[in-house]
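One is the number of the first residue; the rest follow in order along the sequence. Source: prediction; values computed, not measured.
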Amino acid sequence: MSQEPPSLFEPDDVGRPLADRLRPESLEDVIGQDHLLGDDAPIGRMVAESRLVSMVLWGPPGCGKTTIARLLAERTNLVFESVSATFSGVAELRKVFQSAAKQREIGQGTMLFVDEIHRFNRAQQDSFLPYVEDGTIVLVGATTENPSFELNSALLSRCQVFVLKRLDEEALTTLIARAEEATARELPLDAQARHGLVAMADGDGRYLLNLIEQLQTVSGTLDTSGLVELVQQRAPIYDKAQEGHYNLISALHKSMRGSDPDASLYWLARMLEGGEDPLYIARRLVRFANEDIAIADPQAVQQALAAWDVFERLGSPEGELAIAQAVVYLATAPKSIAVYRGFNAAKKLAKKTGSLMPPANILNAPTKLMKNLGYGEDYEYDPDRPGGFSGANYFPEGMNPQKVYRPTINGYEHIIGQRVAEWDRMRAEIRGQEERADTEWPDDERPDNGER
């Protein structure tokens with residue numbers, strides 16, 4: 001009777017998770033981070049000189065942060081101490097600092113690896129400062145969050161930040177090959193399903209190896225649908241309260257501003273797949289319509305409000321189509337920030353001019369005293385004038401009229417611009433003056449055109 005083929009993960013240390021068994025034993029075995037670990041790369045050069053500085057490793061889950069820290073300590077002959085910010089406090093840190101100080105007395109350096117360092121509060125982060133400063137420890141922090149948001153500036157100034165990449169398809173394929181070599185068995189997947197497995201991992205090597213472990217009891221060969229039935233695909237990495245949230249809404253905003261409906265729909269889908277509140281997106285669409293389109297297409301804000309209303313009535317998933325429709329409308333609408341710029345210029349002008357009174361002739365005069373003071377005197381009612389236009393001055397007395405709204409030639413605003421230009425011509429003719437000068441925008445007055 002023939003023997004059963006060996007199971008996928010039956011060798012020697014069957015009790016150890018595959019991710020642990022395949023953990024690289026040298027820096028050369030680490031995949032996907034050559035931009036940091038290569039011979040001419042920043043960390044690679046430090047290792048060659050046996051000189052490490054305190055650092056923060058910032059990257060997505062499963063890209064090798066912990067492994068790299070361990071291997072750096074081993075390569076540079078440092079004692080490796082590890083704590084997790086999730087479970088440790090100042091008391092545990094003091095013990096490590098005391099131990100490191102004793103090691104230092106006998107000429108031995110210490111690396112302190114802090115997993116999820118962003119979870120330490122400001123006081124806990126401050127406790128590292130003197131020991132990093134005097135070289136008692138080489139601090140290596142690992143974080144999935146943007147250090148500039150999560151770590152205090154004093155600690156950041158003492159550390160170099162290195163950005164690790166999510167593992168690409170080539171790196172994940174290499175990891176699959178290593179798993180097959182370690183287990184002496186190919187994955188029970190057809191070619192298309194192998195590609196599907198890589199896509200499911202979404203750049204996370206540890207997650208990929210955990211998925212592979214779920215295949216250990218499979219007999220026969222699975223296609224893509226069989227793979228999906230067997231393993232559960234995780235949601236895309238997206239923290240609604242952290243940097244991922246702001247990155248994706250910025251990407252959606254910029255894609256709509258750049259008139260790219262395809263990219264806009266993609267970022268919308270990414271946000272919804274990540275669990276973003278659709279009503280948050282709907283509110284941002286209304287804001288976008290007012291700021292980036294405005295009068296260039298007066299219907300834009302109505303489309304955005306309609307999408308918001310439809311979603312509140314239908315909910316998910318049906319209401320999401322209304323949001324998608326609004327995204328395409330806004331992305332393909334003509335753009336103008338003339339109103340936004342004009343309002344900012346008007347606010348700056350209002351602060352500068354203080355409490356100047358309006359011209360008396362455009363003020364109502366409900367009392368005899370006000371009439372005696374000239375309120376409403378010689379007011380010209382525009383609808384009764386030829387062309388419905390009087391050309392009167394509506395700026396404060398003693399203040400030169402200013403140009404704050406400058407229509408663009410985009411969309412409907414082109415018509416408004418022609419209308420405003422004609423009024424300016426008529427106003428100059430009526431007053432017997434030259435048309436008001438068109439002032440340039442000084443650099444310090446130019447409104448912010450970035451994500452608002």
Side-chain angles (χ1 to χ4, degrees), residues 248-269 271 278-311 319-349 382-383 387-389 391 394 401-428 435-443 445-452:
L248 266 61
I249 192 61
S250 178
L252 173 59
H253 195 121
K254 300 300 197 305
S255 299
M256 292 190 298
R257 180 182 290 163
S259 301
D260 189 333
D262 302 305
S264 301
L265 285 174
Y266 169 76
W267 292 117
L268 170 66
M271 296 184 77
L279 288 175
Y280 167 77
I281 300 174
R283 290 192 295 270
R284 288 298 298 243
L285 296 185
V286 174
R287 179 179 177 181
F288 178 88
N290 276 309
E291 289 186 0
D292 286 83
I293 298 174
I295 301 176
D297 183 350
Q299 285 299 312
V301 70
Q302 299 302 325
Q303 289 285 329
L305 286 169
W308 187 344
D309 185 45
V310 169
F311 183 84
E320 292 170 4
L321 183 59
I323 294 177
Q325 176 179 317
V327 163
V328 171
Y329 189 97
L330 300 182
T332 55
K335 310 299 189 297
S336 170
I337 59 169
V339 172
Y340 175 80
R341 282 179 166 171
F343 185 46
N344 280 348
K347 287 192 292 184
K348 186 170 184 177
L349 187 60
D382 284 73
F389 181 77
Y394 297 99
Q402 302 290 313
K403 196 73 171 171
V404 295
Y405 172 55
R406 303 162 185 275
T408 70
I409 61 171
N410 301 335
Y412 179 72
E413 198 165 42
H414 179 54
I415 298 174
I416 294 175
Q418 292 176 331
R419 193 180 301 162
V420 168
E422 176 62 12
W423 285 334
D424 284 344
R425 185 195 65 76
M426 294 170 63
R427 190 175 285 115
E435 187 174 355
R436 290 181 293 178
D438 198 24
T439 57
E440 293 294 327
W441 286 98
D443 288 342
E445 294 184 13
R446 189 172 299 279
D448 177 18
N449 249 351
E451 178 63 20
R452 300 182 290 278

**Request:** Just do the side chain to side chain contact (heavy atoms under 4.5 Å, CB included) check on His414 and Thr408 with the steps written out, would you?
**Result:** CA-CA 6 Å; His414 179 54; Thr408 70; over 6 Å; no
**Request:** Would you please test Asp297 and Tyr329 for side chain to side chain contact (heavy atoms under 4.5 Å, CB included) and show each step?
**Result:** CA-CA 10 Å; Asp297 183 350; Tyr329 189 97; 2.8 Å; yes
**Prompt:** Hey, mind stepping through Ile337 and Glu291 against side chain to side chain contact (heavy atoms under 4.5 Å, CB included) and telling me if it holds?
**Reply:** CA-CA 6 Å; Ile337 59 169; Glu291 289 186 0; 5.7 Å; no
**Request:** For side chain to side chain contact (heavy atoms under 4.5 Å, CB included), just list the numbers for Asn344 and Lys348, CA-CA rounded to whole Å, side-chain angles, deciding distance to a tenth of an Å, and then say yes or no.
**Result:** CA-CA 6 Å; Asn344 280 348; Lys348 186 170 184 177; over 6 Å; no
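Counting only heavy atoms from C-beta outward, the side chains of Ile281 and Leu252 approach each other to under 4.5 Å. Contact of the Gln299 side chain with the Tyr412 side chain is not registered, since no non-hydrogen atoms from C-beta on lie closer than 4.5 Å. Using a 4.5 Å cut-off on side-chain heavy atoms (C-beta onward), Ile249 and Trp267 make no contact. Looking only at side-chain heavy atoms (C-beta outward), His253 and Asp292 come within less than 4.5 Å of each other. For the pair Thr332/Ser259, no side-chain contact is recorded, criterion being any heavy-atom separation below 4.5 Å from C-beta on.
Taking CG of Leu279 as the reference point, atom CH2 of Trp308 lies at 7.5 Å (rounded to 0.5 Å). For the atom pair CZ of Arg283 and CG of Leu305, the computed distance is 13.0 Å after rounding to the nearest 0.5 Å. For the atom pair CG of Asn410 and CD1 of Ile416, the computed distance is 11.5 Å after rounding to the nearest 0.5 Å.
Looking at Leu330, Ile295, Ile293, Val286 one by one, the single match for side chain to side chain contact (heavy atoms under 4.5 Å, CB included) with Val301 turns out to be Val286.
Within a 6.0 Å sphere centred on CZ of Phe343, other residues, nucleotides and ligands contribute 12 heavy atoms or fewer. Shown here is Ile409, whose CD1 atom has no more than 12 heavy atoms of other residues, nucleotides or ligands within 6.0 Å. When the shell of 6.0 Å around CD of Gln302 is examined, it contains more than 12 heavy atoms from other residues, nucleotides or ligands.
Neither side chain, Asn290 nor Tyr340, offers a donor N or O lying under 3.5 Å from an acceptor on the other.
By the side chain to side chain donor-acceptor pair (under 3.5 Å) test, Ser336 is found to be paired with Glu413, residues two or more places apart in sequence or in another chain being considered. Partners of Asp309 according to the salt bridge (charged side-chain N to carboxylate O under 4.0 Å, His left out) rule, which considers only residues two or more places apart in sequence or in another chain, are Arg313.
Salt-bridge check for Glu422 with Arg425: passed, with a basic side-chain N closer than 4.0 Å to an acidic carboxylate O.
Note on residues 323-339: no pairs pass salt bridge (Lys or Arg N to Asp or Glu O under 4.0 Å), not counting sequence neighbours.
Using the six-membered ring where Trp is involved, Phe389 and Trp423 have ring planes that are parallel, under 30° apart on the 30 and 60° scheme.
Listed here is the closest heavy atom pair of Ala346 and Val404: N-CG1, 4.1 Å. The heavy-atom pair separating Ala331 from Pro261 by the smallest distance is CB-CA, 3.8 Å. Among all heavy-atom pairs drawn from Pro278 and Glu320, the shortest one is CG-OE2, 4.3 Å. Taking every heavy atom of both residues into account, Ala338 and Pro407 meet most closely at CB-CA, 4.2 Å. The two residues Ala296 and Pro334 come nearest to each other via the heavy atoms O-CG, 3.4 Å.
With hydrogens and angles ignored, the 3.5 Å screen pairs no side-chain donor or acceptor of Ser255 with any backbone N or O of Asp260.
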